[in-house]
Amino acid sequence: MPVGAHGLAFQGVRYGWTNEGGQMVLEVQGDVVNNSGSKVEVPTVVIALRDESGEEISEWTTEVSETELEGAETTAFLRQIPSPPSNVRSVKVRFAKAAE
């Protein structure tokens, strides 16, 4: 995965469908790794749901389990999206842009 904000990158991103109480749930999970040699603040993770043509149809955010990572540290994220649009064909994760 490409390196994002301040040397952070995504690893092992995966998604799958589950059924919870008769409701379809899209579960997106993965890791954020700090590839830099110094401590970095971890921004919010943005999960974009896309249709078969690659168009974004909805967007969700999730926090990671650690707000800061030392060099070479990793932290996990997990987001369960209840009743996602039925035309979801792919997922893209990115970091939220910092407020200016």
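Cluster annotation: Val46 and Ile57 are assigned to distinct hydrophobic clusters (Ile/Leu/Val/Met/Phe/Trp/Tyr, side-chain heavy-atom contacts under 4.5 Å, transitive). Cluster membership check: Ile81 shares its hydrophobic cluster with Met24, using side-chain heavy-atom separations under 4.5 Å among Ile, Leu, Val, Met, Phe, Trp and Tyr. The hydrophobic clustering, which links ILVMFWY residues whose side-chain heavy atoms are closer than 4.5 Å, places Phe95 and Val33 apart.
Taking the side chain to side chain donor-acceptor pair (under 3.5 Å) definition, one finds that Thr74 meets it with nothing, sequence neighbours left out. Evaluation of the side chain to side chain donor-acceptor pair (under 3.5 Å) rule for Asn87 yields no partner, not counting sequence neighbours. Glu59 pairs by the salt bridge (charged side-chain N to carboxylate O under 4.0 Å, His left out) definition with Arg94, not counting sequence neighbours. Ser83 is linked by a side chain to side chain donor-acceptor pair (under 3.5 Å) to Gln23, counting only residues two or more places apart in sequence or in another chain. Thr61 is linked by a side chain to side chain donor-acceptor pair (under 3.5 Å) to nothing, counting only residues two or more places apart in sequence or in another chain. For Glu70, the salt bridge (charged side-chain N to carboxylate O under 4.0 Å, His left out) partners at least two apart in sequence or on another chain are Lys39. Applying the side-chain contact (heavy atoms from CB on, under 4.5 Å) test to Ser38 and every residue at least two apart in sequence or in another chain returns Ser36.
Nearest heavy atoms, Trp17 versus Pro85: CH2-O, 4.3 Å.
Rounded to the nearest 0.5 angstrom, Lys92 NZ and Phe10 CZ are separated by 9.5 Å. One finds the OG1 atom of Thr62 at 11.0 Å from the CD atom of Gln29 (value rounded to the nearest 0.5 Å).
Each of Val25, Val91, Val28, Leu26 was evaluated against Pro84; a single residue qualifies, Leu26, per the side-chain contact (heavy atoms from CB on, under 4.5 Å) test.
The shortest distance between side-chain heavy atoms of Val93 and Phe77 falls below 4.5 Å. For the pair Leu8 and Pro43, the minimum side-chain heavy-atom distance is below 4.5 Å.
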Table please: side-chain donor-acceptor pairs of residues 49-56 below 3.5 Å, with sequence neighbours left out.
{"from": "Asp51", "atom 1": "OD1", "to": "Ser53", "atom 2": "N", "distance (Å)": "3.0"}
{"from": "Asp51", "atom 1": "OD1", "to": "Ser53", "atom 2": "OG", "distance (Å)": "2.9"}
{"from": "Asp51", "atom 1": "OD1", "to": "Gly54", "atom 2": "N", "distance (Å)": "3.2"}
{"from": "Asp51", "atom 1": "OD1", "to": "Glu55", "atom 2": "N", "distance (Å)": "3.0"}

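Side-chain N or O atoms of Thr75 include none that pairs as donor or acceptor with a backbone N or O of Val64 at under 3.5 Å.
Sorted by first and then second residue, the salt bridge (charged side-chain N to carboxylate O under 4.0 Å, His left out) pairs involving residues 13-35 (not counting sequence neighbours) form an empty list.
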Applying side chain to side chain contact (heavy atoms under 4.5 Å, CB included) to Glu68 and Val42, what does each step give before you reach the verdict? CA-CA 5 Å; Glu68 291 183 334; Val42 181; 5.7 Å; no

